[in-house]
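Let me begin by presenting the structure, written as structure tokens, before commenting on it.
Convention: sequence-line order gives letters A, B, ...; per-chain numbering from 1.
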Amino acid sequence: MKLKFDPDNPKYVHIDTLKKADEALEKLEKEPVIGVDIEGTGLDPYTAKLLLVQIGNEEVSYIFNAQQLDLKAIPRLKALLEDPKKIKILHNAKFDYKFIKVQVGASMNNLYDTMLAGAVLTAGLTGKNPSLKELTMKYCGFDMDKGVRKSFHNHMGRITEDQLKYSALDTLAMFPIFKEQVKRLKKEKLVRVAKLEFASTRVVAEMELRGIIINIPEWKKVIKNLEKKRDQYAAQFQEAIQPYYNRRTKDLFGNDVDVMNMNSQAQLMDLFNKRLGLDIPSTSAGVLENVDHPIVNILSDYRKYEKLISAFGDSLLEQVNPVTGRLHPDFNQMGTATGRFSCRNPNLQQIPRNSEEAPFRELFNPAPGYKLVTADYSSFEMRILADLSGDEKMITALREGKDLHSYTASLMFNVDYYPKSEFKKKNPGLRQIAKPIGFGLMYGMSAQGLAAQLGVSPEKGEEYMELYFKSYPSVRKFLDGLSDNAVKKGWSMTPMGRKRWYKKPSPSDPDYRRRMSSIRRQAKNHPIQGTNADAIKFAFVFIQKYFDSGEFDGGITHTVHDEIVCEVREDQAEDWAKIQSDEMIKAAELFIKKVPVASDPFVGDIWEH
DNA sequence: AGAGGTGGTG
DNA sequence: CATGCACCACCTCT
């Protein structure tokens, strides 16, 4: 592609006076498309300082110096960034959106994100979002020096010419990338998916800015209690294994010394298989629970507590933001091959369900005067399977509000249907066979896998599977069609057109069959899991409208795949709960038309799920 | 620094 | 033949 700028000598204007700002804005206001990027001293919009805001067209970058100018006091700048008629191209727009919202006071809209577009165009192939450097190499054909970026992080004093050049290049390079990506998005019929991602990203940014409160003192108490328990089991363990080691158990000062490291898989294997005479393939929980030995039991107890402490203890508390006092996790809206969100620092999508000893979710609370509203789709993926497969019996059962797993069991074993608890009473065990099949199938599980999970013979597993498919013949056809199609075309697709690509192995690959099987399973799961993700993202966009309009005081705090949590002013919370689940249902009904969609809201002072 | 094992979530 | 999807955090070990 022929570039409209010189990568070695990009055109830029350093805006450090109000007069220059006016001149730049005069030019930029005429552009239908602008590139936007920022430089700051760090990654957190609340603690890092905004240094530069670069806004450009395809030939020149206007670099607003946020240290020398009070950008909040330039109304024309805010108006430019908030002009809904102007397309703003950014790379990882969420990041810049947050800085500009907090430190310029502008809420950007009509975003085009080169990172998300790249992710949508290569879903399943790379495992990560493309960097601007990679896209620049791919579409502009030159190598971008990212070494200068670090120089902003301990920035002192004046901006150097090198820094300005580097900053200018970012907005300039995005134009050719944008043009080329748009062509490809059209070719792959991914425009609608890309638009959904672009519309979602400012919602995600708003969600991250809001963050969520946790009750720190109570959290610490819970951890302390868990530590006490863990230490008791650790002491028991060290005591119990002493006879198997020739080692001093006291140090020079008479303190107890651990005989071994209980967290070391290698040392545990040595203990179990060499010293205790067991014969176990691994020390995972699934293996240990089938071993009847007091030392093994102690380890299992210890592990339960150690896990909670290490994953959800101090390290999580350290991530509370010093400015807001809240957690602001980093959500990656293209963090998975299927279109689902991933989340980190901390990952709120893996906080344990509430339990007696570790009621972590109860310690996620609204601000005073607010409520948390939690709503999740009920058995959404089963409904998606029913709808997409078009299986008449499954659809009818869901329309009639039947408990699907009981109904499935009644078909499989030719017994009468009753609602869940009654069915369980009359036919003990049957529902517990049907339920794992339903879930397992959505993961492409085989008869052998099912047998292993149910703890029955492979023959029995085969028999159950056949009974299931005889009950729902369209489900088998649908799932097999998905995997055949993926193998033939090299990709799978959700009803809205979100694609996931597969890298087919060479037939000479020693793992050829294993890899092909894996692709077949992934292709069965992708349209189901991906449709859930598509619906959640539409729901995000629908829901955010109510908060943007000012009609409701609050915002989204987080999402866990089929669940959205909002923090809403107390007096509005009950009305909001209805709107939140209605909007989630509306979003899902864009794709799911044959079976009813349900979303159950909960209003309270805790994160309830 | 990265891989492997383990285990938390939907 | 080998056979359940999608993640992230923490730990040990090399």
Side-chain angles (χ1 to χ4, degrees), chain A residues 123-124 127-128 260-269 281-288 299-300 302-316 318-319 329-332 334-355 358 360-361 376-382 385 436-454 458 461-462 465 479 482-483 492 500 509-530 532-533 536 558-564 607 609:
Chain A
K128 58 176 188 45
M260 57 165 277
N261 182 347
M262 297 175 71
N263 293 330
S264 164
Q265 138 92 356
Q267 291 179 42
L268 286 169
M269 289 298 274
S282 88
T283 71
S284 67
V287 170
L288 296 190
L299 179 69
S300 298
Y302 163 86
R303 282 245 180 104
K304 223 171 53 199
Y305 293 101
E306 169 62 15
K307 170 72 182 185
L308 294 171
I309 295 158
S310 64
F312 309 108
D314 293 338
S315 60
L316 189 143
E318 280 163 17
Q319 309 198 54
D330 177 16
F331 286 89
N332 182 350
M334 284 299 291
T336 69
T338 57
R340 266 193 187 174
F341 284 95
S342 69
C343 177
R344 50 182 213 167
N345 301 329
N347 182 357
L348 291 196
Q349 300 184 322
Q350 61 179 160
I351 302 295
R353 307 294 293 265
N354 285 327
S355 68
F360 291 121
R361 293 189 181 198
D376 66 323
Y377 291 119
S378 67
S379 49
F380 196 21
E381 296 197 345
M382 288 303 300
L385 176 64
I437 304 182
F439 284 115
L441 283 177
M442 294 190 294
Y443 304 150
M445 191 172 64
S446 67
Q448 286 92 326
L450 173 70
Q453 203 205 309
L454 290 174
E462 193 72 52
M465 206 74 129
L479 292 172
L482 289 179
S483 56
S492 53
R500 172 183 184 165
D509 189 319
D511 282 335
Y512 178 75
R513 293 198 70 95
R514 193 179 61 74
R515 290 184 204 272
M516 287 303 285
S517 302
S518 171
I519 290 174
R520 288 179 171 279
R521 289 194 301 273
Q522 290 167 340
K524 286 174 179 170
N525 179 252
H526 168 236
I528 302 171
Q529 192 182 119
N532 182 345
I536 280 283
H558 59 294
T559 173
V560 190
H561 310 308
D562 61 357
E563 166 186 2
I564 297 175
W607 169 21
H609 182 122

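Among the heavy atoms of the strands lying under 4.0 Å from R521(A) are primed sugar atoms or P, OP1, OP2 only; no base atom is included. Looking at heavy-atom distances under 4.0 Å, R520(A) makes no contact with the nucleic acid at all. Across all strands shown, I351(A) has heavy atoms under 4.0 Å from sugar-phosphate atoms exclusively, and none from any base. Using a 4.0 Å heavy-atom distance criterion, S282(A) is classed as a sugar-phosphate-only contact. Within 4.0 Å (heavy atoms only), G449(A) reaches sugar-phosphate atoms of the nucleic acid but no base atom. Looking at heavy-atom distances under 4.0 Å, Q453(A) makes contact with a base.
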Apply side chain to side chain contact (heavy atoms under 4.5 Å, CB included) to residues M262(A) and E306(A) and explain how you reach the verdict. CA-CA 10 Å; M262(A) 297 175 71; E306(A) 169 62 15; over 6 Å; no
Could you walk me through whether I437(A) and M465(A) pass side chain to side chain contact (heavy atoms under 4.5 Å, CB included), step by step? CA-CA 7 Å; I437(A) 304 182; M465(A) 206 74 129; 4.2 Å; yes
Check the pair R361(A) / I351(A) against side chain to side chain contact (heavy atoms under 4.5 Å, CB included), numbers first and verdict last. CA-CA 7 Å; R361(A) 293 189 181 198; I351(A) 302 295; 4.0 Å; yes
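Here dC1(C) presents its P atom at 20 Å from CD1 of I519(A), a figure rounded to the nearest Å. For the pair E462(A) CD and dT3(C) C1', the computed distance is 12 Å after rounding to whole Å. For the pair Y512(A) OH and dT3(C) C1', the interatomic distance rounds to 16 Å; values are reported in whole Å. Here dG4(C) presents its C1' atom at 13 Å from CG of L454(A), a figure rounded to the nearest Å.
Taken to the nearest 0.5 Å, the CE atom of M442(A) stands 9.5 Å off from the CG atom of L479(A).
Within the 4.5 Å cutoff, side-chain heavy atoms of N263(A) are placed close to those of Y302(A). Between F331(A) and H558(A) the shortest side-chain heavy-atom distance falls below 4.5 Å. Between L441(A) and K524(A) there is no side-chain heavy-atom pair separated by less than 4.5 Å.
First and last contacts of DNA chain B with chain A, using any nucleotide atom under 4.0 Å from a protein heavy atom and ordered 5' to 3', fall at dG5(B) to dG10(B).
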Contact letters for nucleotides 6-14 of chain C, in which S counts primed atoms plus P, OP1 and OP2 and B counts the base, heavy atoms under 4.0 Å: BSBBSSSS-
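The two residues V560(A) and W607(A) come nearest to each other via the heavy atoms CG2-CZ2, 3.8 Å.
For the C1' atom pair drawn from dG7(B) and dC1(C), the interatomic distance equals 30 Å after rounding to whole Å.
Relative ring orientation between F360(A) and F312(A) is described as tilted, the plane-to-plane angle lying within the 30° to 60° band.
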